[in-house]
K.L.:
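Below are the structure tokens for one structure; questions will follow.
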Amino acid sequence: MSLVRLNIKGISYSQTQNGAYALILNEVDGDRKLPIVIGAFEAQSIAIALEKEIRPPRPLTHDLFKSFADRFDIVVKQVIIHKLVDGVFYSSLICERDKIEEIIDARTSDAIALALRFEAPIFTYKNILDKAGIYLKVSPKKEDEETEDSILMDDLVAEELESEAQSSGDNYKDKTLQELHNLLDDAVAKEDYEKAAKIRDEISKR
């Protein structure tokens with residue numbers, strides 16, 4: 001079976017499961033997206049690895065794993081999403097130490113969080129992408145990558161994000177840019193990464 005390389009497109013609130021998030025993967029040489037439901041902790045860990053500006057004051061579990069692996073010269077070479085059963089994705093870490101390769105079973109969310117920290121490529125098999133991949137249309141007038149990312153995420157979760165903001169009572173639109181940066185620093189210091197991500201999104205809009 002042929003492998004298909006994937007990139008991380010973004011993370012959104014899941015529209016189907018409350019309290020969960022949807023990790024959106026995109027095939028490198030195609031237009032299909034692979035949505036994977038993950039938990040809040042894993043979503044935070046992946047988001048922090050994607051956003052270089054947010055640095056937790058203490059290492060998260062996946063950061064600890066990376067430090068441990070570095071100390072003992074273990075490298076994650078790649079991640080393969082190798083099975084899909086009843087909507088659950090199964091993944092493997094392809095690791096190497098002293099030129100000896102080992103395959104370690106892992107939850108897909110953990111595997112991707114580690115792939116980001118090791119800068120390892122992510123793959124899945126073509127039959128899995130054929131089965132679970134979806135097409136999401138993007139406006140033809142918007143061709144640059146950043147705009148496409150923004151439209152993709154808006155199409156997926158616009159209503160969810162709006163309702164979440166209303167229910168939480170967080171309104172950052174009235175804050176100045178300096179106030180937002182102060183709130184971001186405070187949220188990171190308190191390890192409230194979900195709040196930090198929302199504040200970062202508002203800063204990015206400015």
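Just so you know, residue 1 is the first one in the sequence shown, and it goes up from there. All values derive from a computational prediction rather than experimental measurement.
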K.L.:
Once rounded to the nearest 0.5 Å, what's the spacing between atom NZ of Lys175 and atom CD1 of Ile203?
P.N.:
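That separation rounds to 12.5 Å.
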K.L.:
Roughly how far, to the nearest 0.5 Å, is the CG atom of Leu93 from the CZ atom of Phe118?
P.N.:
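With rounding to 0.5 Å, CZ (Phe118) is 8.5 Å from CG (Leu93).
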K.L.:
How long is the span from the CD atom in Glu42 to the NE2 atom in His62, to the nearest 0.5 Å?
P.N.:
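Interatomic distance, Glu42 CD to His62 NE2, rounded to 0.5 Å: 6.0 Å.
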K.L.:
Kindly give the heavy-atom pair with the smallest separation between Ser91 and Asp105, and that separation in Å.
P.N.:
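Heavy-atom minimum between the residues: O-OD1, 3.2 Å.
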K.L.:
Using side-chain heavy atoms (C-beta onward) and a distance below 4.5 Å, is Ile112 in contact with Thr108?
P.N.:
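Answer yes - side chains close enough.
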K.L.:
Hydrophobic clusters here meaning ILVMFWY residues chained together by side-chain heavy-atom distances under 4.5 Å, can you tell me if Val75 and Phe68 are in one?
P.N.:
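Not linked; separate clusters.
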K.L.:
How about CD1 on Ile103, more than 12 heavy atoms from neighbouring residues, nucleotides or ligands closer than 6.0 Å, or not?
P.N.:
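Count not over threshold, so no.
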K.L.:
Using the rule that Ile, Leu, Val, Met, Phe, Trp and Tyr join whenever any side-chain heavy atoms are under 4.5 Å apart, tell me whether Leu50 and Tyr21 fall into a single cluster.
P.N.:
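Leu50 clusters together with Tyr21.
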K.L.:
Looking only at heavy atoms, what is the nearest atom pair of Val188 and Pro56, with distance?
P.N.:
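Residues Val188 and Pro56, closest heavy atoms: CG1-CA, 4.3 Å.
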K.L.:
What is the minimum heavy-atom distance between Ile128 and Lys83, and which atoms define it?
P.N.:
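Answer, listing the atom of Ile128 first, then Lys83: CD1-N, 3.4 Å.
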K.L.:
With rounding to the nearest 0.5 angstrom, report the CD to CD distance, Glu96 to Glu101.
P.N.:
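Nearest 0.5 Å value for the CD-CD distance: 6.5 Å.
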K.L.:
Are Tyr90 and Ile122 in one and the same hydrophobic cluster, where Ile, Leu, Val, Met, Phe, Trp and Tyr link if side-chain heavy atoms are under 4.5 Å apart?
P.N.:
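No; tracing contacts between hydrophobic side chains, which count when under 4.5 Å, never links both residues.
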K.L.:
Which heavy atom of Ala187 sits nearest a heavy atom of Ile199, and at what distance?
P.N.:
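Closest heavy-atom pair between Ala187 and Ile199: CB-CD1, 4.4 Å.
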K.L.:
Determine whether the side chains of Arg117 and Ser45 contain a donor N or O and an acceptor N or O closer than 3.5 Å.
P.N.:
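Arg117 vs Ser45: donor-acceptor pair found between side chains.
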K.L.:
Got Val79 and Ile94 here, is their nearest side-chain heavy-atom distance under 4.5 Å?
P.N.:
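Heavy-atom side-chain distance check fails, nothing below 4.5 Å.
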K.L.:
Drop me the distance from Phe65's CZ to Asp70's CG, to the nearest 0.5 angstrom.
P.N.:
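So the gap between those two atoms works out to 10.0 Å.
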K.L.:
With sequence neighbours excluded, tell me which residues meet salt bridge (charged side-chain N to carboxylate O under 4.0 Å, His left out) with Arg97.
P.N.:
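Applying salt bridge (charged side-chain N to carboxylate O under 4.0 Å, His left out) to Arg97 gives none.
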K.L.:
Which atom names give the shortest non-hydrogen contact between Pro35 and Phe89, and what distance separates them?
P.N.:
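The answer is O-CE1, 3.9 Å.
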K.L.:
Can you check whether Gln78 reaches Phe123 side chain to side chain, under 4.5 Å on heavy atoms?
P.N.:
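Answer yes - side chains close enough.
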K.L.:
Grouping I, L, V, M, F, W and Y whenever their side-chain heavy atoms are under 4.5 Å apart, do Leu64 and Phe41 come out in a common cluster?
P.N.:
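Cluster IDs for Leu64 and Phe41 differ.
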K.L.:
Pair Asp63, Lys66 - check salt bridge (charged side-chain N to carboxylate O under 4.0 Å, His left out), show working.
P.N.:
CA-CA 5 Å; Asp63 298 320; Lys66 175 66 163 59; over 6 Å; no
K.L.:
Within the structure provided, determine whether Val4 and Asp29 are in side-chain contact (heavy-atom separation under 4.5 Å).
P.N.:
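Not touching, per the 4.5 Å side-chain cut-off.
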K.L.:
Between Lys131 and Leu84, does a side-chain contact (heavy atoms from CB on, under 4.5 Å) hold up when you go through it step by step?
P.N.:
CA-CA 9 Å; Lys131 182 178 180 181; Leu84 173 61; 4.0 Å; yes
K.L.:
Apply side-chain contact (heavy atoms from CB on, under 4.5 Å) to residues Leu34 and Ile24 and explain how you reach the verdict.
P.N.:
CA-CA 6 Å; Leu34 190 65; Ile24 312 298; over 6 Å; no
K.L.:
Is there side-chain contact between Leu6 and Asn26, with heavy atoms separated by less than 4.5 Å?
P.N.:
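No, their side chains stay 4.5 Å or more apart.
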K.L.:
Considering all heavy atoms of both residues, which atom of Ile81 and which atom of Thr124 are nearest to each other, and what is their separation?
P.N.:
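In this case the closest contact between Ile81 and Thr124 is O-OG1, 2.9 Å.
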K.L.:
What is the distance from atom CZ of Arg5 to atom CG of Leu25, rounded to the nearest 0.5 Å?
P.N.:
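Arg5 CZ to Leu25 CG: 12.5 Å, rounded to 0.5 Å.
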K.L.:
Under a single-linkage definition using a 4.5 Å side-chain heavy-atom cutoff for Ile, Leu, Val, Met, Phe, Trp and Tyr, are Ile74 and Ile104 assigned to the same hydrophobic cluster?
P.N.:
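No, it is not one cluster - the side chains of Ile74 and Ile104 are not joined through contacts under 4.5 Å.
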